[in-house]
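So that the names make sense, note that chain A is the first sequence line, chain B the second, and so on, each numbered from 1. Basis for what follows: all heavy atoms, side chains included, without hydrogens, waters or symmetry-related copies.
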Amino acid sequence: DVKVTQSSRYLVKRTGEKVFLECVQDMDHENMFWYRQDPGLGLRLIYFSYDVKMKEKGDIPEGYSVSREKKERFSLILESASTNQTSMYLCASRDTGWVVFKYFGPGTRLTVT
Amino acid sequence: GIQVEQSPPDLILQEGANSTLRCNFSDSVNNLQWFHQNPWGQLINLFYIPSGTKQNGRLSATTVATERYSLLYISSSQTTDSGVYFCAVSGTASKLTFGTGTRLQVTL
């Protein structure tokens, strides 16, 4: 019954590395979202995508980019990881026309040293 | 954008106690959801409640849209209720804006 998966639960990277976080959904949803979660700040939207090859900036896109080459996969890219990108990253997907967010991935806890 | 404030930030309860969590938001919304994040990080949707009242077992929620707040009630709390509770809203934009959460710990 897996709906939204993320490539890693825990990831440790060094400062300056290029990091890829992958999110895959099996529900044929058009919309996909990347959030980061930090203590005391809740979840903040980094980027989202309405469809293949389409992307929109969220509230905190600086230092990140995304790729959506296939409908089921939405990748978050840290071009040059920094320690302030140490965080929990969550992916979500939703079908166009839905209002309710129901499907979130399990999260990737990224540590940049 | 819409601002979302949650209170209290932290809450410790003994098993069996009741609690009320509050969410204030700064503008009219077409979506308001309450989520529970379990200790393993998984977010679970509890309620979709842009207005009115809903109940699901020991949990219930009320949103007063005209006054821009929502309440989540937890009755007879259990240790499995521990975790972080988030309120999240969206207005005309499709993106969901989260509050900073209430961390709940239920002790024996």
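- Atom NZ of B:K54 is surrounded by more than 12 heavy atoms from other residues, nucleotides or ligands within 6.0 Å.
- Heavy-atom distances place the side chain of A:R9, and not its backbone, under 4.5 Å from chain B.
- Linking ILVMFWY side-chain heavy atoms closer than 4.5 Å, directly or via other members, places B:V84 and B:Y73 in two distinct hydrophobic clusters.
- Side-chain contact between A:V100 and B:N45: present, with at least one pair of heavy atoms (C-beta onward) separated by less than 4.5 Å.
- Side-chain atoms of B:N31 come within 3.5 Å of backbone atoms of A:V99 as a donor-acceptor pair (strictly under, hydrogens ignored).
- Contact annotation for A:Q37: only side-chain heavy atoms (C-beta onward) come within less than 4.5 Å of a heavy atom of chain B.
- Other residues, nucleotides and ligands place no more than 12 heavy atoms under 6.0 Å from the CD atom of B:E5.
- Here A:F48 contributes atom CZ and B:K95 contributes atom NZ; the two are 6.5 Å apart, rounded to the nearest 0.5 Å.
- Side-chain heavy atoms closer than 4.5 Å link hydrophobic residues (I, L, V, M, F, W, Y) into clusters, and following such links, even through other members, never connects A:M32 to A:L90.
- Counting non-hydrogen atoms of other residues, nucleotides and ligands closer than 6.0 Å to CZ of B:R22 gives a total above 12.
- Note on A:L43 and B:V4: separate hydrophobic clusters, where clusters join Ile, Leu, Val, Met, Phe, Trp and Tyr whose side-chain heavy atoms are under 4.5 Å apart, directly or indirectly.
- Between B:T97 and A:R44, the closest side-chain pair of non-hydrogen atoms is not below 4.5 Å.
- In the hydrophobic cluster analysis, where Ile, Leu, Val, Met, Phe, Trp and Tyr join through side-chain heavy atoms closer than 4.5 angstrom, B:L11 is grouped together with B:I74.
- Following chains of ILVMFWY side-chain contacts shorter than 4.5 Å, one can reach B:I49 starting from B:L59, so the two form part of one hydrophobic cluster.
- Judged by distance alone, with hydrogens and angles left aside, the side-chain atoms of B:Q33 form a donor-acceptor pair with the main-chain N or O of A:F101 at under 3.5 Å.
- Of all the listed residues (A:P39, A:A92, A:P106, A:G107), the one sharing the greatest number of non-hydrogen pairs under 4.5 Å with chain B is A:P106.
- Counting heavy-atom pairs under 4.5 Å between each of A:F33, A:Y103, A:Y35 and chain B puts A:Y35 at the top.
- The structure places NZ of A:K102 at 11.0 Å from CZ of B:F35, a figure rounded to the nearest 0.5 Å.
- We find the CD-CE distance between B:Q37 and A:M88 to be 6.0 Å, quoted to the nearest 0.5 Å.
- Side-chain atoms of B:Q42 come within 3.5 Å of backbone N or O of A:F104 as a donor-acceptor pair.
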